[in-house]
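One is the number of the first residue; the rest follow in order along the sequence. In listed order, ligands and their atoms are each counted from 1.
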Amino acid sequence: MTGFIGAIDQGTTSTRFIIFDDAGDVVTLDRREHAQICPKPGWVEHDATEIWRNTVATIEGALAKAGLSAADLAAVGVTNQRETTLLWDKETGAPLHNAIVWMDTRVEPLVERFSRDGFAKRLREKTGLPLASYFSALKLVWLFENVPEARARAERGSVLFGTVDSWLIWNFTGGRHLTDATNASRTLLMSLETLDWDEELLRYFDIPRACLPKICASSEVYGACAAPLEGVPLAGALGDQQAALLGQACLAPGQAKNTYGTGCFLLMNTGLSPRASQRGLITTLGYKLGSSPPVYALEGSVAIAGALTQWLRDNLGLIRSSEEIEPLAKSVPDNGGVYFVPAFSGLYAPRWRADARGLIAGLTLFSTKAHIARAALEAAAFQTQELARAMAEDAGAPLLELRVDGGMTENDLLMQFQADILNAPLARPKSIETTALGAAYAAGLAVGFWKSEADIAAHWRCAKRWSPGMGEAERARLFQGWEKAVERSLGWES
Ligand SMILES: Nc1ncnc2c1ncn2[C@@H]1O[C@H](COP(=O)(O)OP(=O)(O)O)[C@@H](O)[C@H]1O
Ligand SMILES: O=P(O)(O)OC[C@H](O)CO
């Protein structure tokens with residue numbers, strides 16, 4: 001019987017394999033963390049071979065826990081941390097360098113170099129993206145400039161470029177070099193109109209076409225998997241935030257979700273044509289299901305959200321586990337005037353300030369670690385409020401409801417504060433594994449396991465809701481404090 005769908009969720013901090021039943025409910029899950037390699041300030045790398053090993057281990061782990069075998073899976077989907085950039089040898093499959101992670105800032109000097117000629121406006125028109133260290137193109141340029149022989153071999157096609165989806169698909173399918181259009185839309189190399197690599201952009205960044213994967217739909221059969229998923233069709237791939245959009249069934253224009261993980265990513269479905277932002281948001285591909293027309297989204301990306309909780313745990317030792325932050329923060333009635341701006345990689349949307357750095361503001365002798373914990377949680381909410389405000393202005397209508405998911409949504413204090421600061425209700429579905437669910441939906445639709453978008457929308461059920469309860473004056477006072485702190489974080493790094 002093939003009554004289940006599998007999804008690999010390869011995230012910034014961990015890799016999960018989740019098995020879903022036909023109601024979209026989690027049957028079982030296995031998870032492995034991988035090393036965050038930080039060789040210099042601002043540099044963040046992953047070992048791609050460790051990621052592949054963890055992927056295999058989580059699949060084996062989840063199948064064993066559920067007492068299932070690969071033959072029980074009708075299809076498998078892949079979803080992944082986006083923009084993270086890899087090069088590997090076509091013959092041996094060996095990576096040429098550690099993967100350069102999306103939040104890595106080493107290419108700031110390249111951003112400056114490429115900013116000088118005024119091409120950034122054209123880049124934004126074609127790709128929907130600002131010229132920033134976040135996206136893949138400059139990471140790839142850096143690899144070509146720093147890894148001996150990489151460029152010459154890429155030109156010959158013996159070295160391949162890919163984001164993490166490509167890397168996993170290549171390993172699963174015995175060497176098929178493919179990517180999906182949502183991941184490609186984060187490279188600064190794909191045109192949002194044609195959904196193909198763009199000659200003008202390739203020339204601009206001097207990227208050889210021979211090293212690029214073929215761009216596919218988010219939902220189509222990519223190939224049959226090798227062990228440990230022997231023979232299972234790999235039938236869906238999406239960047240993780242787009243997968244969450246689909247997993248949250250935000251299928252109608254105007255519907256939006258926010259995922260609170262390492263970072264925070266607010267995406268709104270904007271329908272069948274790309275909508276340019278006037279407020280510092282990104283225009284991105286939402287999803288492309290088979291031969292259906294592509295669906296676009298506006299996105300607000302925040303680099304540091306849950307990562308700040310981890311930082312309090314690992315770098316300051318303020319808490320022993322992420323969960324401990326909630327009781328600590330709750331032990332004080334408010335932030336006591338303390339604000340924490342986690343601009344560790346500069347600030348992404350809507351400000352795009354690479355020169356910002358993290359700070360804690362408003363400290364007095366009265367401040368305790370509980371105020372710092374509270375300020376760290378509130379930072380995710382304030383950053384989301386900035387995105388929501390920009391999105392409402394772009395869309396010409398306020399957000400009526402925000403669907404939420406990701407690890408931080410377990411934090412009740414944060415979610416209530418978020419509803420208060422947004423002045424809009426939050427709704428969390430029965431499963432917060434919506435990222436993996438989106439990849440499962442994409443794969444399931446491609447093989448007919450689920451029949452239509454309506455079929456998957458019918459699975460969405462609200463399990464928890466937070467309603468706003470804060471007065472306007474208090475909301476304005478708190479947000480003003482945040483804005484003052486952000487102003488002070490700007491221009492730190494010059
Ligand atoms: N109860 C909690 N309160 C605050 N942050 C949390 C809590 N639980 C998890 N987190 C944070 O959420 C992140 C994990 O969420 P997850 O959705 O698994 O992220 P990712 O997919 O980016 O790896 C971590 O950064 C962790 O510190
Ligand atoms: O791995 P996550 O969930 O933190 O997501 C990372 C994003 O895809 C980066 O753009």
Side-chain angles (χ1 to χ4, degrees), residues 7-16 18 29 31-34 36 44 46 51 54 78-85 99-104 129 132-136 139 163-165 182-183 185-187 238-245 247 257-267 282 284 299-315 318-330 342 344-345 348-349 373-374 376-381 404-418 428 431-439:
I8 296 136
D9 177 2
Q10 202 306 295
T12 310
T13 50
S14 70
T15 305
R16 294 172 170 84
I18 305 184
L29 175 157
R31 177 176 183 273
R32 297 272 191 288
E33 288 202 2
H34 55 268
Q36 305 295 317
V44 188
H46 291 160
I51 283 181
N54 284 1
V78 170
T79 182
N80 56 289
Q81 54 170 319
R82 307 163 303 168
E83 300 97 13
T84 297
T85 301
I100 302 182
V101 177
W102 57 275
M103 62 172 74
D104 185 297
L129 309 175
S133 62
Y134 179 23
F135 308 104
S136 309
K139 299 180 197 295
T163 40
V164 173
D165 56 316
T182 66
N183 275 291
S185 79
R186 317 294 297 193
T187 57
L238 300 99
D240 54 9
Q241 303 309 324
Q242 285 90 339
L245 190 72
K257 71 88 203 176
N258 196 23
T259 301
Y260 299 79
T262 307
C264 222
F265 300 89
L266 176 52
L267 270 76
I282 286 171
T284 198
E299 171 176 328
S301 334
V302 158
I304 305 290
L308 191 51
T309 305
Q310 275 169 293
W311 185 83
L312 293 182
R313 184 193 66 191
D314 301 338
N315 294 37
L318 228 57
I319 46 176
R320 277 165 306 175
S321 70
S322 294
E323 294 71 35
E324 277 187 12
I325 194 171
E326 185 169 1
L328 177 59
K330 257 189 180 155
F344 295 171
S345 307
Y348 286 8
R374 196 155 182 130
L377 290 177
E378 291 183 358
V404 298
D405 55 73
M408 285 188 104
T409 62
E410 298 285 8
N411 192 313
D412 219 41
L413 180 70
L414 167 62
M415 290 297 104
Q416 184 55 53
F417 186 76
Q418 181 70 87
R428 192 177 72 192
S431 163
I432 59 170
E433 296 297 341
T434 47
T435 299
L437 184 57

Residue part near ligand 2, for Glu83, under 4.0 Å between non-hydrogen atoms
side chain
Using a 4.0 Å heavy-atom cut-off, say whether Thr12 meets ligand 2 through its side chain, its backbone, both or neither.
both
With atoms numbered from 1 as shown, which atoms in ligand 2 lie under 4.0 angstrom from a non-hydrogen atom of [X]?
X	value
Thr262	4 (O)
Gly11	1 (O)
Gln241	3 (O), 5 (O)
Gln81	1 (O), 8 (O)
Trp102	6 (C), 9 (C)

side-chain hydrogen bond (donor to acceptor under 3.5 Å, both in side chains) partners of Asp240, counting only residues at least two apart:
none
Measure Arg16 to ligand 1 on non-hydrogen atoms and call it side chain, backbone, both or neither using the 4.0 Å cut-off.
side chain
Quick one: look at Ala305 and ligand 1, take heavy-atom pairs under 4.0 Å, and tell me if it's side chain, backbone, both or neither.
neither
Compute the minimum heavy-atom distance from [X] to ligand 1 and say whether it is under 4.0 Å.
X	value
Met408	yes
Gly11	no
Arg313	no

What protein heavy atom is closest to atom 3 (N) of ligand 1, reported as residue, atom name and distance in Å?
Asn411 ND2, 3.0 Å
Taking atom 10 (N) of ligand 1 as the reference point, the nearest protein heavy atom with its distance
Ser322 CB, 3.8 Å
Is it true that the side chains of Gln10 and Thr15 contain a donor and an acceptor less than 3.5 Å apart?
yes
Can a side-chain donor-acceptor contact be found between Asp9 and Thr79 if the only test is distance below 3.5 angstrom?
no
Return yes when Gly261 approaches ligand 2 closer than 4.0 angstrom through a heavy atom, no otherwise.
no
Exactly one of Asn183, Thr435, Thr163 should register a side chain to side chain donor-acceptor pair (under 3.5 Å) with Asn80. Which one does?
Asn183
In Å, rounded to the nearest 0.5 Å, how long is the span from OG1 of Thr84 to NZ of Lys139?
7.0 Å
Roughly how far apart are Lys330 NZ and Asn411 CG, rounded to 0.5 Å?
8.0 Å
For [X], the ligand 1 atoms whose distance to one of its heavy atoms is below 4.0 Å:
X	value
Thr13	20 (P), 23 (O)
Ile325	3 (N), 4 (C)
Gly406	17 (O)

With a 3.5 Å distance limit and no angle check, can you tell me whether Gln241 reaches the backbone of Thr259 through a side-chain donor-acceptor pair?
no
Is Arg31 salt-bridged to Glu433, cutoff N-O under 4.0 Å?
no
Decide whether an N or O pair under 3.5 Å exists between [X] and ligand 2.
X	answer
Asn80	no
Asp240	yes
Tyr134	yes

For ligand 1 and Gly263, I'd like to know whether there is a polar contact (N/O to N/O, distance under 3.5 Å).
no
